[in-house]
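Structure, as structure tokens:
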Amino acid sequence: IYSKEFILRKEIRSNGSSRLFLNNTPVQLNDIKNLSFKLANYHSQDENIVLRDEESHIDFYDDFIFFNGLIEKYQQQKSELFDEYSKLRKLIRNQEESLNRKDYLEYQLAEITKVNPKEGELTEINDKLQIIENHEEILENSQELSELTNGSDEAVYSKLRRVVKLLEDMGRFNPELLTYLEELNSSIITINELGNVISDFSSGISYNAIETENIRKRSVELRNLEKKYGTIDEILEKKERIEEELSLIDNYDIVIDKQKFKIEGLEIEIGKTANQITNIRKSHLSQFCLNLVESLKNMGISEAGFDVEISNELTNNNEPKARIENKSYKLFEKGIDNVTFLSAMNKGEGLKKLSEFASGGELSRILLSLKGNKITDDESPVLILDEIDTGISGRVSQLVGQQMRRISQKTQIIAITHSPQIAASGDTNYIVRKEIREDRTVSEIQKLDDNNKIIEIAKLISGTETTQNSLQSAKELIISSYN
């Protein structure tokens, strides 16, 4: 959904189910979650603690920089590189496993090669053995068939020819008899062909004890092979697989070297991308720190110092890495850089890590400075600040409120606060109340006009009841916030 205006609507049915709509288009909850990151940047009190974690600094810093797709390109290259490393590890594992079973594979191949089975061979052997084992019966039957078909004057062939001759003579007296001549002549041809086939078949049958024994031995060899490896077809397939695997074992080093060469190329490419990212980060360092120091001065830390330490880690481990000028660097989620914020809150103090010195109030102001330092454009997200005033005093709260007004010139700010100084800085104010109605807690939000804004800020100053002094103080806070 491409739009500069978004209307989010939720329909709740009587059965408790619901549907979400964005600009009247049905959407899933995940769609709303994904869109929310682009529309609003949320800060809670917990982020003060996150700021003490140095691993989070790179995210805060990168918010200030536009990388023009380089981070996404790097992450895609990193994913591809990790995939290729997985393939390499698998090749190495397979090589080790194959080397361990090479002797066994060679034994199996030698056993199969020695027997050297042929496709359909066992069927052919079985047919031969059946003929050899029954050769006497076959020869005897063949002899009898030959005699019956065409072996004498009493054979079928001779008698049929006599029948044909007689029918031809009888046909002179009864032409209907001649209609049988065609079928009789066809039968004579068939009987003659049958006799020839039987003669050829029987003439090829002989019994040789040595040859028969050799055929029987060959049958036993093939059957023994089948018991170990399956049918002849399966044995031939297995032989082909073993030959391929043994060939791969002999060439594993070449395959692995090719994979390593491919990985090295990818490491050089990711190194180029990572180096570009590093250079962009370093080019923004000075302006980033100037902005932070200026922002902190506006919030009462006049002698603040701030720096960003960008470092890398060399690695010689057998792991994915970036190669830059013959050096190997450890890969992180967004490049090869470790980003650490260093700061000093007082004059004369050296720069230290935030985790070593910063108080809750100082962290709140640093965090607001970081939020205000985000790169912005015409579609900047809303900045939501949940109790940014935690840990800071009244005077500092006023400075923080004024700084929020400056940031709001380029970014919409929604602040949740109990500080009268910050509340006084708002252009538009709302109050949120909770009430119990009919044994249920109900929350409501009300927009304040100018008069009610003064009253509610006065309550933050003096408590539940307002006084003339608190009302006057509220008015003065509102006026001073605009100066």
Side-chain angles (χ1 to χ4, degrees), residues 37-38 41 43 47-48 50-74 272-312 324 332-358 362-383 385 388 396 399-413:
F37 293 115
K38 298 179 181 179
N41 188 347
H43 159 64
E47 280 193 274
N48 289 351
V50 173
L51 200 54
R52 293 184 184 275
D53 180 6
E54 292 176 9
E55 291 184 3
S56 71
H57 292 183
I58 192 168
D59 294 324
F60 286 108
Y61 184 63
D62 284 355
D63 279 344
F64 178 73
I65 303 169
F66 182 62
F67 289 98
N68 197 27
L70 281 175
I71 296 291
E72 291 77 10
K73 179 181 178 182
Y74 166 86
K272 292 177 182 177
T273 305
N275 197 37
Q276 286 180 280
I277 293 171
T278 299
N279 290 336
I280 291 174
R281 285 193 177 116
K282 289 180 178 178
S283 70
H284 286 79
L285 195 151
S286 178
Q287 188 61 52
F288 179 86
C289 293
L290 286 173
N291 291 357
L292 260 291
V293 169
E294 183 65 25
S295 178
L296 291 170
K297 284 181 180 178
N298 291 333
M299 290 186 288
I301 308 178
S302 59
E303 300 297 334
F306 201 92
D307 197 5
V308 178
E309 181 182 85
I310 299 176
S311 60
N312 317 115
I324 305 172
F332 300 107
E333 182 62 26
K334 299 169 72 176
I336 59 171
D337 302 324
N338 288 309
V339 173
T340 305
F341 292 155
L342 306 173
S343 185
M345 296 292 106
N346 301 298
K347 189 175 183 178
E349 290 183 353
L351 295 172
K352 297 179 182 179
K353 296 179 179 180
L354 299 186
S355 58
E356 296 177 356
F357 77 94
E362 289 167 340
L363 284 175
S364 290
R365 283 174 280 180
I366 292 172
L367 192 57
L368 180 58
S369 298
L370 290 169
K371 296 288 185 179
N373 209 18
K374 284 173 64 69
I375 188 168
T376 59
D377 52 34
D378 292 337
E379 298 180 5
S380 298
V382 174
L383 181 57
L385 303 174
I388 191 69
V396 174
L399 294 174
V400 169
Q402 291 171 355
Q403 178 65 8
M404 289 166 61
R405 285 191 62 81
R406 295 186 189 96
I407 296 173
S408 70
Q409 298 302 311
K410 59 181 181 179
T411 300
Q412 172 70 56
I413 293 181

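Sequential numbering from 1 along the given sequence is applied to the chain's residues.
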Check whether [X] reaches the backbone of [Y] with its side chain - one donor and one acceptor, N or O, closer than 3.5 Å.
X	Y	value
Tyr74	Thr273	no
Ser343	Gly305	yes
Ser295	Asn291	no
Asp337	Val339	no
Tyr61	Phe341	no

Sole candidate of Ile324, Ile280, Ile336 that passes side-chain contact (heavy atoms from CB on, under 4.5 Å) when paired with Asn275: Ile324

Working to the nearest 0.5 angstrom, can you tell me the gap between [X] [atom1] and [Y] [atom2]?
X	Y	atom1	atom2	result
His57	Ile310	NE2	CD1	13.0 Å
Leu285	Asp307	CG	CG	6.0 Å
Asn298	Arg405	CG	CZ	14.0 Å
Gln287	Ile65	CD	CD1	11.5 Å
Ile407	Ser369	CD1	OG	7.0 Å
Gln409	Met404	CD	CE	13.0 Å

Minimal non-hydrogen separation, Val396 against Met299, with atom names: CG1-O, 3.8 Å

Pair Asn338, Asn312: side-chain N/O donor-acceptor within cut-off below 3.5 Å: no

Polar contact flag, side-chain donor to acceptor under 3.5 angstrom, Gln403-Arg406: yes

Contact check, side chains of [X] and [Y], non-hydrogen atoms, under 4.5 Å:
X	Y	value
Arg281	Phe67	yes
Leu385	Leu368	yes
Met345	Arg365	no

Pair Leu367-Phe60, side-chain contact (heavy atoms from CB on, under 4.5 Å): steps then yes or no: CA-CA 9 Å; Leu367 192 57; Phe60 286 108; 3.4 Å; yes

Derivation and outcome, side-chain contact (heavy atoms from CB on, under 4.5 Å), residues Lys352 and Leu342: CA-CA 5 Å; Lys352 297 179 182 179; Leu342 306 173; over 6 Å; no

